Colleague: 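Pasting a structure below so you can have a look.
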Amino acid sequence: MNNFKNLRGTVDLLPDQLIKWQNVEKIIIEQLIRSSVKEIRTPILEMTELFMRGIGEGTDVVSKEMYTFLDKGERSCALRPEGTASVARALIQNGISTKPFQKLWYMGPMFRYERPQAGRQRQFHQLGVEFVGYKSVRSDIEIITLAWDILEKLGIKELNLEINTLGNNVDRSNFQKAFVKWLEVNKNFLDLDSQKRINKNPLRILDTKNVQTKKVLDDAPRLFDFLSTESLERYLIIKEKLKLLKIPFIENKNLVRGLDYYTHTAFEITSGSLGSQATVCGGGRYDNLISQMGGTETPAIGFAIGLERIILLSGKELEESRDTDIYIVNKGIHAEILAMELSRKLRNYDLIVELDLSGTSFSKQFKKANKLKSKSIIVIGDDEALKNEFVIRLFNNEYSKNKEETISIKDNIKLEKWVQSNLLLDKNL
RNA sequence: GCGGGCGUCGCCAAGUGGUUAAGGCAGCGGCUUGUGGCGCCGCUAUUCGGGGGUUCGAAUCCCCUCGCUCGCCCCA
């Protein structure tokens, strides 16, 4: 076979699977609208530089997972690996980064060059939410709550929320200095990966999975001890409020998250039933990003939810689609045009109408209608067409009991009555 | 980038050295040109991911390669 194949780590989403996607997207968007969050769309393609500066050159995402290439003008471009940097760029560029209180969301494909596995692809989809211009503690709580509520609305089970604080700039750099010093002294006790990170991305070492290194780190200086009273206060309030709101969480002092731009609150939501790629949602505060990227000092907080993982976790009830309401069986030159007119008329009601375009035998068309589980059927042959009428009847399991009704093509009132009482009745409830 | 598993029709698969590669589902055609659930009949892989080798003979053995998949790392 030398047919074309999709690239590794990408997938085709076929009609049957998309029913679930559409339902998931619908639930998410409805919840966002109700929470007064507005959509923003930025390009999938950006200058590579944007992510290097925004996310951080030392991060894994930038240093080894970016899809980059030179375009015809020799510019280095990248397929976005995440959304926050793009949103920040867009706000600065359009002169609205300082506009207070912007709640934004986006949903779309992201790209990371990694080995694919369950719940992980090279092209994957994220929902991102960013609250820009918010610095109050309540905005942290609001955004965590929003993430939590969306996941619950989607019916996802076994959710675990982990939170931590990374402090402000000063806290972090004080800690980092002390930490790096300590790391250098104890370098030989660390695993190789961690050793490499000492200069590139020391905070990341806290998040190591290496058991040996974890043990060694027990004696290292702790970020927590470097927190200013202001930072500490903030963190305490968040925990307190989450308890009041009855959102269960656990503290994870080693949660630092992969991207450089986080400050203060960092959080992650995992689901036990997902296996090794357990993270469903990750987020945190990033008060420095916008200023670092050339905007004025603007606090912000956000999160991202991985849609593929959500799809894996959400239940079968989201896979149900609407059946065809009316299948129009038609054959013959006079009948065909009449059938087309009729299908257009019927689609003005909220009905799914399938017009048979095959022109094959009636019995074939009936079989097709049956296979589609159409709720009702209209038959127009030339016999009917010449008399300007058609036949309609219900088309379900009790087929023998369903009486046909003949309706004149001009008799809209009779048609509407039939449709109302047979197809739309339960739908309107 | 590093490990493990797997690759026979659109899907699920049997076959593990002998001359025709089971079967099921789906699809198509017919029994039944204008009325559907069932049933019956027929059709649908010169070929077993690709290449090379061993052999009189390979889907079956060996080598290489590609792909998929799961895990590590990291993340959504």
Side-chain angles (χ1 to χ4, degrees), chain A residues 1-3 5-11 14 16 55 59-65 80-84 107-129 147 151 191-194 196-197 201 204 207-210 255-259 268-271 274-283 302-313 327 329-332 335 356 358-374 376-385 390-400 402 404:
Chain A
M1 288 241 280
N2 51 19
N3 288 331
K5 280 210 65 196
N6 61 318
L7 289 169
R8 158 171 274 195
T10 66
V11 294
L14 303 175
D16 285 349
I55 301 171
T59 62
D60 287 358
V61 168
V62 169
S63 64
K64 58 179 200 191
E65 294 169 5
R80 63 179 184 196
E82 57 103 52
T84 305
M107 196 149 51
M110 306 291 164
F111 302 82
R112 269 129 93 155
Y113 192 89
E114 297 178 275
R115 276 308 268 285
Q117 56 188 274
R120 176 149 106 206
Q121 295 162 197
R122 289 182 174 179
Q123 177 179 340
F124 62 103
H125 297 78
Q126 278 188 344
L127 157 73
V129 176
L151 293 169
D191 62 286
L192 274 174
D193 274 340
S194 294
K196 278 184 215 150
R197 288 203 245 261
N201 194 1
R204 179 69 243 303
D207 204 17
T208 184
K209 297 281 181 340
N210 186 292
L255 178 70
V256 299
R257 306 199 44 73
L259 316 180
E268 206 166 288
I269 301 173
T270 57
S271 174
L274 198 52
S276 77
Q277 313 299 323
T279 307
V280 179
C281 170
F303 67 80
I305 287 178
L307 296 182
E308 276 78 7
R309 292 180 188 177
I310 295 306
I311 299 283
L312 286 173
L313 290 167
Y327 194 98
V329 169
N330 64 103
K331 187 175 166 67
D356 193 298
S358 67
T360 56
S361 69
F362 280 77
S363 75
K364 286 248 174 65
Q365 294 190 38
F366 271 85
K367 276 178 185 162
K368 187 80 188 297
N370 188 53
K371 194 160 288 177
L372 286 175
K373 297 197 185 101
S374 182
S376 71
I377 192 162
I378 280 177
V379 183
I380 313 178
D382 277 345
D383 294 354
E384 288 84 2
F390 58 89
V391 164
I392 190 166
R393 76 168 152 88
L394 279 178
F395 198 71
N396 53 23
N397 290 335
E398 297 143 274
Y399 64 100
S400 53
N402 297 317
E404 287 188 347

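Since we're looking at a predicted model, the values are computed, not measured. To find a chain, count down the sequence lines: A is the first, B the second, and so on, and within it residues start at 1.
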Colleague: Look at all strands and tell whether A/Glu384 reaches a base, only sugar-phosphate, or nothing, counting heavy atoms closer than 4.0 Å.
Modeller: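 The residue A/Glu384 makes base contact.
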Colleague: If we call it a pair only when both distances are under 3.5 Å in a Watson-Crick or G-U wobble match, what pairs with B/rC48?
Modeller: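 Across any shown strand, B/rC48 pairs with none.
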Colleague: Work out how far the P atom of B/rC25 is from that of B/rC64, and round it to whole angstrom.
Modeller: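 41 Å, rounded to whole Å.
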Colleague: What interatomic distance, in whole Å, is found between P of B/rG52 and the corresponding atom of B/rA59?
Modeller: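 Each nucleotide's P atom is 14 Å from the other's.
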Colleague: Does the side chain of A/Gln117 get closer than 4.0 angstrom to OP1 or OP2 of B/rG71 through an N or O atom?
Modeller: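 Affirmative; the distance criterion is met.
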Colleague: What distance, rounded to whole Å, do you find between the two P atoms, one in B/rU69 and one in B/rG51?
Modeller: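 Comparing P positions in B/rU69 and B/rG51 gives a spacing of 23 Å.
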Colleague: A/Lys367 side chain: which of B/rC31, B/rC72, B/rA76 is closest?
Modeller: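 Selected nucleotide (nearest to the side chain): B/rC31.
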Colleague: From B/rA76, B/rU35, B/rC73, pick the nucleotide closest to the side chain of A/Phe366?
Modeller: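 Between B/rA76, B/rU35, B/rC73, the one nearest the side chain of A/Phe366 would be B/rU35.
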Colleague: When you measure from the side chain of A/Thr279, which nucleotide among B/rC31, B/rA76, B/rC74 comes out closest?
Modeller: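 Between B/rC31, B/rA76, B/rC74, the one nearest the side chain of A/Thr279 would be B/rA76.
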Colleague: Please give the distance between the P atoms of B/rC9 and B/rC48 as a whole number of Å.
Modeller: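 The answer is 10 Å between these two P atoms.
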Colleague: Can you tell me how far P of B/rC73 sits from CZ of A/Arg112, to the nearest Å?
Modeller: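 From A/Arg112 CZ to B/rC73 P: 16 Å.
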Colleague: Does A/Lys64 form a side-chain contact (heavy atoms from CB on, under 4.5 Å) with A/Glu114? I'd like the steps, not just the answer.
Modeller: CA-CA 8 Å; A/Lys64 58 179 200 191; A/Glu114 297 178 275; over 6 Å; no
Colleague: Write down the distance between CG (A/Asp383) and P (B/rU33), rounded to a whole number of angstrom.
Modeller: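 Value for this atom pair: 16 Å.
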Colleague: Could you tell me whether the side chain of A/Phe390 reaches within less than 4.5 Å of the side chain of A/Asn330, counting heavy atoms only?
Modeller: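 The answer is no, as the side chains (C-beta and beyond) never meet within the 4.5 Å cut-off.
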Colleague: Can a salt bridge be assigned to the pair A/Asp191 and A/Arg197 using a cut-off of 4.0 Å between side-chain N and carboxylate O?
Modeller: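 Here A/Asp191 does not pair with A/Arg197 in a salt bridge, since their nearest N and O are not under 4.0 Å apart.
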Colleague: C1' atom, B/rA21 versus B/rA14: distance in rounded Å?
Modeller: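 Pairwise C1' distance, B/rA21 against B/rA14, rounds to 10 Å.
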Colleague: By the 4.0 Å heavy-atom rule, please label A/Lys371 as base, sugar-phosphate, or nothing.
Modeller: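 Contact class for A/Lys371: sugar-phosphate only.
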Colleague: Check whether any side-chain nitrogen or oxygen of A/Ser363 sits under 4.0 Å from OP1 or OP2 of B/rG34, and answer yes or no.
Modeller: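 Yes, because at least one side-chain N or O of A/Ser363 sits under 4.0 Å from OP1 or OP2 of B/rG34.
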Colleague: What integer distance in Å separates A/Leu151:CG from B/rA76:P?
Modeller: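 A/Leu151 atom CG is separated from B/rA76 atom P by 14 Å.
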Colleague: By nearest nucleotide on RNA chain B, pick out whichever of A/Arg122 and A/Gly381 is the more 5' one.
Modeller: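 Taking each residue's closest nucleotide, the earlier one in sequence belongs to A/Gly381.
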Colleague: Check the distance between B/rU35's P and A/Arg393's CZ and give it to me in whole angstrom.
Modeller: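 Going from A/Arg393 (CZ) to B/rU35 (P), I get 11 Å.
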Colleague: With a non-hydrogen cut-off below 4.0 angstrom, is A/Glu114 in contact with a base, only sugar-phosphate, or nothing?
Modeller: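 Base contact - A/Glu114 has a heavy atom under 4.0 Å of at least one base atom.
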Colleague: What is the distance from NZ of A/Lys364 to P of B/rC31, rounded to the nearest Å?
Modeller: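 Nearest whole value for this atom pair: 9 Å.
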Colleague: Check the distance between B/rG29's C1' and A/Gln365's CD and give it to me in whole angstrom.
Modeller: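 For the pair A/Gln365 CD and B/rG29 C1', the rounded distance is 17 Å.
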Colleague: Of the non-hydrogen atoms in A/Thr360 and A/Gln365, which two are nearest, and what is the gap between them?
Modeller: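 That closest heavy-atom pairing would be O-NE2, 2.9 Å.
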Colleague: Which base, if any, makes a Watson-Crick or G-U wobble pair with B/rA58, both distances under 3.5 Å?
Modeller: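 With both distances under 3.5 Å required, B/rA58 matches none.
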Colleague: Between the side chains of A/Thr10 and A/Gln123, is a donor N or O closer than 3.5 angstrom to an acceptor N or O?
Modeller: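 Not at all, the side chains of A/Thr10 and A/Gln123 share no donor-acceptor pair under 3.5 Å.
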Colleague: Just do the side-chain contact (heavy atoms from CB on, under 4.5 Å) check on A/Arg120 and A/Glu308 with the steps written out, would you?
Modeller: CA-CA 8 Å; A/Arg120 176 149 106 206; A/Glu308 276 78 7; over 6 Å; no
Colleague: Taking the side chain of A/Arg8 as heavy atoms from C-beta outward, which of B/rC75, B/rC68, B/rG34 is closest to it?
Modeller: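 Selected nucleotide (nearest to the side chain): B/rC68.
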Colleague: Provide the distance between the two C1' atoms, one in B/rU19 and one in B/rC66, to the nearest whole Å.
Modeller: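 Per the computed distance, 32 Å lies between those C1' atoms.
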Colleague: Tell me whether the count of non-hydrogen atoms from other residues, nucleotides or ligands lying under 6.0 Å of CZ in A/Phe362 goes above 12.
Modeller: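 More than 12 within 6.0 Å, yes.
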Colleague: A/Gly283 or A/Gly9: which one's nearest nucleotide on RNA chain B is closer to the 5' end?
Modeller: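 By nearest-heavy-atom nucleotide position, the 5'-most residue is A/Gly9.
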Colleague: Would you classify A/Gly282 as touching base, sugar-phosphate or nothing, given that sugar-phosphate means primed atoms plus P, OP1 and OP2, and contacts are heavy atoms under 4.0 Å?
Modeller: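 Result for A/Gly282 = sugar-phosphate.
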Colleague: Output one line per pair: protein atom, nucleotide atom from nucleotides 2-9 of chain B, and distance, for all N/O pairs under 3.5 Å.
Modeller:
unit_1: B/rC2; atom_1: N4; unit_2: A/Arg115; atom_2: NH1; d: 2.8

Colleague: Tell me: CG of A/Asn6 to C1' of B/rG67, nearest whole Å?
Modeller: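 It is 11 Å, rounded to the nearest whole Å.
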Colleague: Check every strand shown and say whether A/Asp382 touches a base, only sugar-phosphate, or nothing at a heavy-atom separation below 4.0 Å.
Modeller: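 Since a base atom lies under 4.0 Å of A/Asp382, the category is base.
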Colleague: Only pairs with both distances under 3.5 Å count, Watson-Crick or wobble alike; so what is the partner of B/rG71 in this structure?
Modeller: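 Pair assignment: B/rG71 / B/rC2.
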Colleague: With rounding to whole Å, what would you report as the distance between B/rU16 and B/rC62 at their C1' atoms?
Modeller: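 Looking at atom C1' only, B/rU16 and B/rC62 are 15 Å apart.
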Colleague: Would you tell me if any nitrogen or oxygen in the side chain of A/Lys331 comes within less than 4.0 Å of OP1 or OP2 on B/rU35?
Modeller: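 Answer no for this pair, as no side-chain N or O of A/Lys331 is under 4.0 Å from OP1 or OP2.
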Colleague: Using purine N1 to pyrimidine N3 plus N6-O4 or O6-N4 for Watson-Crick, or N1-O2 and O6-N3 for G-U wobble, each under 3.5 Å, what pairs with B/rA22?
Modeller: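 Paired with no nucleotide.
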Colleague: Applying the Watson-Crick and G-U wobble criteria at under 3.5 Å, what pairs with B/rG29? Answer none if nothing qualifies.
Modeller: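 Base-paired to B/rC41.
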Colleague: Using the rule given for side-chain contact (heavy atoms from CB on, under 4.5 Å), can you reason through A/Asp356 versus A/Val329, listing the C-alpha separation, both sets of side-chain angles and the distance that settles it, and then say yes or no?
Modeller: CA-CA 6 Å; A/Asp356 193 298; A/Val329 169; 5.7 Å; no
Colleague: Please confirm whether the backbone N or O of A/Ser194 pairs with a side-chain atom of A/Arg204, one donor and one acceptor, at under 3.5 Å?
Modeller: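 No.
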Colleague: With respect to the side chain of A/Arg257, which nucleotide from B/rC74, B/rC75, B/rG34 is positioned closest?
Modeller: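 Closest of the options to the side chain of A/Arg257: B/rC75.
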Colleague: A/Lys5 has a side chain; which of B/rC73, B/rA76, B/rC68 sits nearest to it?
Modeller: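 Nearest nucleotide to the side chain: B/rC68.
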Colleague: Using a cut-off of 4.0 Å on non-hydrogen atoms, how would the nucleic acid contact of A/Gln121 be classed: base, sugar-phosphate, or nothing?
Modeller: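 Base, at least one base atom sits under 4.0 Å.
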Colleague: Determine the interatomic distance between P on B/rG3 and the same-named atom on B/rA22; round to the nearest Å.
Modeller: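 After rounding to an integer number of Å, I get 39 Å for this pair.
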Colleague: Tell me whether the NZ or CZ atom of A/Arg122 lies within the 45° cone about the ring axis of A/Phe111 and under 6.0 Å from its centre.
Modeller: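 So A/Arg122 doesn't make the cation-pi contact.
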Colleague: Verify side-chain contact (heavy atoms from CB on, under 4.5 Å) between A/Thr59 and A/Glu65, making sure each step is shown before the conclusion.
Modeller: CA-CA 9 Å; A/Thr59 62; A/Glu65 294 169 5; over 6 Å; no
Colleague: Is any side-chain N or O of A/Thr360 closer than 4.0 Å to OP1 or OP2 of B/rU33?
Modeller: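 Result: no.
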Colleague: For A/Lys368 and B/rG29, what is the distance between atoms NZ and P respectively, to the nearest whole Å?
Modeller: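 Going from NZ in A/Lys368 over to P in B/rG29 covers 11 Å.
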Colleague: For a quick check of understanding: with a heavy-atom distance under 4.0 Å over all strands, which category does A/Arg120 fall into, base, sugar-phosphate or nothing?
Modeller: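 Base contact - A/Arg120 has a heavy atom under 4.0 Å of at least one base atom.
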Colleague: Quick one: look up who B/rA13 pairs with, Watson-Crick or G-U, both distances under 3.5 Å, and put none if it's unpaired.
Modeller: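 Check on B/rA13: unpaired, no WC or wobble geometry under 3.5 Å.
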Colleague: Identify which nucleotide among B/rG29, B/rA76, B/rC75 has an atom closest to any side-chain atom of A/Arg204, counting heavy atoms from C-beta outward.
Modeller: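 Selected nucleotide (nearest to the side chain): B/rC75.
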